[in-house]
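Throughout, a chain's letter reflects where its sequence line sits, starting with A, and its residues are numbered from 1.
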Amino acid sequence: MASSSKELTWIEKIYALVRKIPKGRVTTYGTIAEKVGTRTTSRMVGWAMNASHTATPRVPAHRVVNRNGVLTGKHHFGSPTLMQELLEAEGLTIENDKILNFNEYKYLFDDEK
DNA sequence: ACCGTGACTGGCA
DNA sequence: ATGCCAGCCACGG
């Protein structure tokens, strides 16, 4: 590829994937990391989310939780309860900072089943 | 160029 | 079942 063109950074891919998450669905960092590539790990996803605040359009990071279905990053939304409220507003149920029936709400993207 | 940090995950005790 | 440790890669100072 012509070196002139800068390939999209793995961060951009993460944003695209997260934005693809339909309303009322959630996903895990590990899933996204695997979708982006081996160069990206779960930690990188979380780190990328940190930068997502400046990304446009805004990335629904509140739909991204850890593999436990726990709102690990809720503290990064400006309010410790904002993330939960956002998810609940989408029809999800949060109990003790954890998503109930998380397995049913987990979004695996079209590529996966 | 080196070190520290990070919204994770999986394995082992 | 719970807790701790190590691995993973990238970015900022």
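- On the nucleic acid side, DNA chain C contacts chain A at distances under 4.0 Å to non-hydrogen atoms, with the end points of that region at C:dG7 to C:dC11.
- If you chain together hydrophobic residues whose side chains sit under 4.5 Å apart, A:Trp10 and A:Ile32 fall into the same group.
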> side-chain contact (heavy atoms from CB on, under 4.5 Å) between A:Ile99 and A:Val65: does it pass, once the steps are laid out?
Replying inline: CA-CA 9 Å; A:Ile99 299 172; A:Val65 297; 3.9 Å; yes
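- Applying the side-chain contact (heavy atoms from CB on, under 4.5 Å) test between A:Ile94 and each of A:Leu71, A:Leu86, A:Leu100 identifies A:Leu71 as the sole match.
- Looking at heavy atoms from C-beta onward, A:Thr40 lies in side-chain contact with A:Ile14 at the 4.5 angstrom threshold.
- Atom-to-atom distance recorded for A:Asn101:CG and A:Lys106:NZ is 13.5 Å, nearest 0.5 angstrom.
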May I have the list of side-chain donor-acceptor pairs in residues 46-55 of chain A shorter than 3.5 Å, sequence neighbours left out?
from, atom 1, to, atom 2, distance (Å)
A:Ser52, OG, A:Met49, O, 2.4
A:His53, NE2, A:His76, O, 3.3
A:Thr54, OG1, A:Ala51, O, 2.8

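- In this structure, the side chains of A:Val36 and A:Leu17 come closer than 4.5 Å at one or more pairs of heavy atoms.
- Among residue pairs with one or both ends in residues 61-77 of chain A, those qualifying as salt bridge (charged side-chain N to carboxylate O under 4.0 Å, His left out) are A:Arg63-A:Glu90, A:Lys74-A:Asp97; sequence neighbours excluded.
- Judged by closest nucleotide on DNA chain B, A:Met44 is the one of A:Met44 and A:Arg67 placed further toward the 5' end.
- Distance OG1/A:Thr28 to CG/A:Asn68: 10.5 Å, rounded to 0.5 Å.
- The stretch residues 50-58 of chain A comes close to DNA chain B through A:Asn50, A:His53, each having a heavy atom under 4.0 Å from the strand.
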>> Does A:Thr93 form a side-chain contact (heavy atoms from CB on, under 4.5 Å) with A:Glu88? I'd like the steps, not just the answer.
In response: CA-CA 6 Å; A:Thr93 307; A:Glu88 288 183 321; 5.6 Å; no
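- Interface limits on DNA chain B: the 5'-most and 3'-most nucleotides within less than 4.0 Å of chain A heavy atoms are B:dG6 to B:dG10.
- Counting only Watson-Crick or G-U wobble pairs whose defining distances are both under 3.5 Å, the stems of 3 or more consecutive pairs in DNA chain C are B:2-6 with C:9-13, B:8-13 with C:2-7.
- Cluster annotation: A:Leu92 and A:Phe102 are assigned to the same hydrophobic cluster (Ile/Leu/Val/Met/Phe/Trp/Tyr, side-chain heavy-atom contacts under 4.5 Å, transitive).
- Centroid-to-centroid, the aromatic rings of A:Phe109 and A:Tyr107 come within less than 6.0 Å.
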